[in-house]
Amino acid sequence: MARRDVVFLLDGSDGTRSSFPAMRDFVERMVERLNVSEKGDHVSVVQYSRDPEAHFYLNTYSRKEDVLDTLRGLMHKGGRPLNTGAALQYVRDNVFTASSGSRLVEGVPQLLILLSGGKSFDNVDTPASSLKELGVLIFAIGSRSSDSRELQKISNEPSYALSVSDFADLPSVQQQLFTNIDTVFVEGTSSTTTTIAEGRRQRRDVVFLLDGSDATRNGFPAMKEFVQRMVEKLEVSENRDQVSVVQYSRDPEAHFYLNTFKTKEKILDSVRGLRHKGGRPLYTGAALQYVIDNVFTASSGSRRVEGVPQILVLLSGGRSFDRVEAAASSLKELGILTFGIGSRGSDSRELQRISYDPNYALSVSDFSELPNVQEQLLASVKAVSIPITPTSQTVTADYVTPRKDIVFLLDGSDGTRNSFPAMRDFVQRVVEQYTIEANRDRVSVVQYSREAEVHFYLNSHTTKEEVLDRVRGLRHKGGRPLYTGAALQYVRDNVFTASSGSRRLEGVPQILILLSGGRSFDSVDAAASSLKELGVLTFGIGSRGSDSRELQRISYDPSYALSVTDFSELPNVQEQLLASVQAVAMPITPASPTLTADDAIPRKDVVFLLDGSDGTRNTFPAMRDFVQRVVELFNIEANRDRVSVVQYSRDAEVNFYLNTYATKGEILNTVRGLRHRGGRPLNTGAALQYVRDSVFTASAGSRKQEGVPQILILLSGGRSGDNIDTPASTLKESGILIFGIGTRNSSREVQRIANDPTYAQSINEFSDLPSVQQQFISSLNNALGQVKPMTPTVAGKTDYHTSLENSTLSSPCKACRRH
């Protein structure tokens with residue numbers, strides 16, 4: 001049965017007030033023609049103006065009658081300006097997700113139908129590209145007030161953008177829209193590639209990325225002939241192999257896309273006519289990103305969402321002048337199989353990092369020797385290019401068995417030379433405790449100093465004996481300085497990935513065990529936060545040379561950081577580590593959260609961010625008193641309100657997290673004991689980024705994923721020495737409500753940071769805080785009155801932008817009178 005996930009995104013701004021009934025009728029007529037059922041088509045409707053609002057998700061209703069009933073009751077949202085870009089990003093992040101009912105991972109086609117009556121006030125390009133990268137097919141319909149070019153940019157193809165004079169004319173394009181949908185969504189295209197005859201035949205999307213810089217002028221004819229010979233071996237046709245060629249030096253240039261030519265003859269003609277591009281320097285990183293953004297896309301002919309293997313063949317004759325890691329990691333995350341071929345001028349280690357697997361990197365002395373590796377490359381391509389069948393993650397009996405993916409990250413710097421044998425023995429003893437099999441526990445070992453090096457991946461070995469043999473043979477790496485931050489980022493990008501054997505997407509617990517003997521020479525915060533966001537449970541073990549606070553910041557929870565005087569004492573903490581891993585590594589079931597009776601109780605996660613710089617030394621007691629008075633108004637319990645306090649100047653420092661205390665008494669005692677931090681300059685931007693990455697996280701007690709409102713209260717007494725706009729925007733995009741109180745030196749900046757200028761209060765100095773307390777509490781209550789988790793009928797999702805009357809502070813006026 002053909003299945004589709006269809007999301008309607010409706011412009012509900014002031015400009016569509018009179019035509020909204022026509023838009024609603026159009027959606028009704030479209031739904032009437034869909035096969036809405038649990039195993040058929042699923043539908044979601046989102047309305048937007050300044051902010052988006054989901055009326056229901058893809059998994060809210062499984063009967064057509066329920067969908068139609070809700071549609072008939074839709075009310076126009078109103079508001080301005082029209083932020084189409086933000087709305088597109090919202091549906092990508094909140095609607096086309098498994099928790100909201102999207103069946104993307106099962107290969108079900110994802111369809112977005114946008115009705116927009118005006119030009120967007122924000123940028124649409126990035127979110128539109130992001131949706132296309134996800135494999136969402138976008139159709140847009142505009143009226144006379146819309147920007148037709150903008151709608152064409154948003155749509156997957158310009159022909160998918162339709163236009164009417166007025167939305168009352170929507171019936172005139174309805175049939176055309178359905179024809180377009182049926183054309184691109186032939187039955188079984190995405191969801192069942194192996195169940196129809198065509199799907200059983202080998203298909204590949206192959207992109208050649210050729211170094212056309214000044215350094216390859218003499219070798220370019222040989223590169224061109226190599227591509228010709230490779231193409232000759234492929235089965236080029238519309239439903240078989242597709243080919244694209246891109247050349248690059250400083251900038252990349254696509255000669256033709258995957259959907260440009262349908263016959264081998266036309267491709268060969270075009271390849272024969274290729275001219276060397278020339279130019280310098282060589283930016284391989286930018287070229288890799290270019291093929292991700294512009295070539296491996298549905299609009300350029302990529303059939304990735306249909307499960308067709310995606311192959312990139314890179315021919316590079318020199319070392320890149322830009323970084324390649326981020327783009328190479330993105331290619332791997334997308335499942336693109338990259339093969340790198342270099343010459344004597346290339347950096348072989350760089351090519352190995354770019355390639356999907358180090359074994360996929362080949363080398364020749366000169367490109368005239370390419371015929372020598374042609375057969376090897378073809379064999380590799382054919383070996384890996386089995387059709388990928390996107391299937392749902394069916395929970396079988398085997399999945400009930402506890403499974404873990406465990407990565408050991410070992411400090412191999414000069415400082416651990418003497419203690420490395422003890423570290424190696426510790427890994428052996430821990431591995432002995434696990435059941436190593438392909439469908440049970442998997443292990444990887446990485447060693448690092450200045451750079452990280454993988455000894456073996458999660459999918460390298462499937463027996464305990466093989467793993468133990470490799471561990472016994474480990475040699476100390478050596479080198480300095482110690483870059484723990486880079487190593488953490490490396491395991492995130494290169495080891496905790498599907499291509500390296502990670503089963504994170506199947507809900508298998510991901511565990512990182514770090515043994516570090518010294519303080520890192522680079523920053524660890526961003527990488528550690530990134531691992532936590534990914535759901536990786538990090539345990540840190542340090543020795544006397546380590547920085548215990550650094551290890552606590554790296555660990556998923558400060559209690560997961562252990563310490564020994566010397567690594568020879570590792571056996572003393574082995575049982576504690578194993579018990580901790582066992583306690584947290586329960587199988588994670590990717591399921592939508594169930595709303596219980598407890599979820600009906602108003603709850604808030606509130607973080608106070610206090611300016612502790614030199615400029616607030618005299619007024620800090622007044623700030624501290626203000627926090628006390630506000631906390632007095634909260635209902636502090638583990639399942640009600642939670643509070644965190646962060647102080648900052650040059651750097652940010654957490655006084656306590658959202659999950660540190662569960663009673664009001666503990667919080668008030670700690671707040672009374674707060675000491676002024678001091679320091680300069682005042683980096684408010686860095687502090688905002690810090691609370692986003694390190695405090696508003698599940699490991700720090702944030703219940704954002706449960707739909708609990710997230711509130712940041714900023715008290716800033718001076719102008720920031722760094723940029724505030726990007727981190728403030730990031731917080732807002734994460735759904736965090738920012739309130740601010742500034743003094744005469746900072747009030748305009750605080751208004752920019754706050755979600756709305758009305759959320760910002762201004763005073764001469766912080767000793768005047770009592771004069772605005774009641775006004776501040778009122779603003780907070782008014783905002784919370786519009787920030788409610790969805791009712792239980794909206795399965796599996798929450799929305800911070802719908803009405804909630806009860807999430808207010810408890811009896812603020814009475815409380816104020818008591819004080």
Side-chain angles (χ1 to χ4, degrees), residues 105-106 332-333 335 337 356-360 383-384 386-410 423-447 453-474 491-515 531 534-539 541 556 560 570-571 574-591:
V105 294
E106 300 174 38
K332 293 169 189 171
E333 288 290 324
L337 303 165
Y356 191 77
D357 185 275
N359 296 326
Y360 293 176
V384 298
I386 53 172
I388 303 156
T389 309
T391 57
S392 54
Q393 297 157 6
T394 307
V395 180
T396 62
D398 182 58
Y399 279 29
V400 177
T401 310
R403 301 185 294 164
K404 295 178 286 286
D405 290 338
I406 304 168
V407 178
F408 291 91
L409 179 58
L410 310 179
M423 296 163 72
R424 186 175 57 205
D425 293 346
F426 175 77
V427 175
Q428 281 183 244
R429 287 191 304 271
V430 173
V431 169
E432 286 282 6
Q433 305 293 318
Y434 291 125
T435 305
I436 310 291
E437 294 174 17
N439 287 317
R440 292 291 299 275
D441 299 328
R442 294 182 181 178
V443 172
S444 167
V445 173
V446 180
Q447 196 182 162
E453 177 187 346
V454 178
H455 290 291
F456 53 91
Y457 292 92
L458 290 163
N459 53 3
S460 297
H461 304 301
T462 56
T463 69
K464 186 182 291 188
E465 291 67 29
E466 290 174 317
V467 171
L468 289 172
D469 281 348
R470 289 297 304 274
V471 172
R472 290 184 195 107
L474 289 182
V491 294
R492 184 203 181 281
D493 294 341
N494 297 279
V495 185
F496 286 111
T497 62
S499 60
S500 297
S502 165
R503 297 165 293 178
R504 180 174 68 85
L505 296 175
E506 299 172 37
V508 175
Q510 307 290 288
I511 295 160
L512 175 64
I513 299 173
L514 165 69
L515 274 70
L531 281 162
L534 201 65
V536 176
L537 302 165
T538 306
F539 294 81
I541 305 178
Y556 190 78
Y560 294 176
L570 281 168
Q574 181 176 322
E575 285 309 313
Q576 186 180 349
L577 174 69
L578 282 168
S580 297
V581 170
Q582 196 62 33
V584 298
M586 300 300 293
I588 303 155
T589 307

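It should be emphasised that the depicted structure is a prediction, and the values quoted were computed from it without experimental measurement.
Here the side chain of Thr462 pairs no donor or acceptor atom with the backbone of Glu437 at under 3.5 angstrom. A donor-acceptor contact shorter than 3.5 Å links the side chain of Asp405 to the backbone of Arg503. Although no hydrogens or angles enter the test, the distance criterion places no donor-acceptor pair under 3.5 Å between the side chain of Arg504 and the main chain of Phe496. Put simply, the side chain of Ser500 gets close to the backbone of Asn494: a donor and an acceptor are under 3.5 Å apart. Between the side chain of Arg424 and the backbone N or O of Leu474 there is at least one donor-acceptor pair closer than 3.5 Å. Looking at Lys464, its side chain never comes within 3.5 Å of a backbone N or O of Thr435 through a donor-acceptor pair.
Taking CG of Asp441 as the start and CG of Leu458 as the end, the distance is 11.0 Å to the nearest 0.5 Å. One finds the CZ atom of Arg470 at 8.0 Å from the NE2 atom of His455 (value rounded to the nearest 0.5 Å). Interatomic distance, Leu512 CG to Leu531 CG, rounded to the nearest 0.5 Å: 6.5 Å. Interatomic distance, CG of Leu570 versus CG of Leu577, reported as 9.5 Å (0.5 Å rounding). One distance of note links NZ of Lys332 with CG of Asp493; it measures 8.5 Å at 0.5 Å rounding. To the nearest 0.5 Å, the span separating CG on Leu514 from CZ on Phe539 amounts to 12.0 Å.
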Stepwise side-chain contact (heavy atoms from CB on, under 4.5 Å) test for Val471 and Phe426: CA-CA 10 Å; Val471 172; Phe426 175 77; over 6 Å; no
side-chain contact (heavy atoms from CB on, under 4.5 Å) assessment of Ile511 paired with Lys404: CA-CA 7 Å; Ile511 295 160; Lys404 295 178 286 286; 3.8 Å; yes
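For the salt bridge (charged side-chain N to carboxylate O under 4.0 Å, His left out) test, residues two or more places apart in sequence or in another chain that qualify with Arg472 are Asp469. For Arg492, the salt bridge (charged side-chain N to carboxylate O under 4.0 Å, His left out) test picks out no residue, with sequence neighbours left out. When the salt bridge (charged side-chain N to carboxylate O under 4.0 Å, His left out) test is applied to Glu453, the partners found at least two apart in sequence or on another chain are Lys477.
For the pairing with Ile513, the side chain to side chain contact (heavy atoms under 4.5 Å, CB included) check across Ile406, Leu537, Val407 returns one residue only, Ile406.
When all heavy atoms of Val508 and Arg403 are compared, the pair lying nearest together is CG2-NH2, 3.4 Å. Contact record, Met423 with Leu410: CE-CB, 4.1 Å, taken as the closest heavy-atom pair. Considering all non-hydrogen atoms of both residues, Gln433 and Arg429 come closest at CG-O, 3.4 Å. The nearest pair of heavy atoms linking Val431 to Phe408 is CG2-CE1, 4.0 Å. Taking every heavy atom of both residues into account, Val495 and Ser502 meet most closely at O-CB, 4.1 Å. Of all non-hydrogen atoms in Val467 and Phe456, the two that sit nearest each other are CG1-CZ, 4.0 Å.
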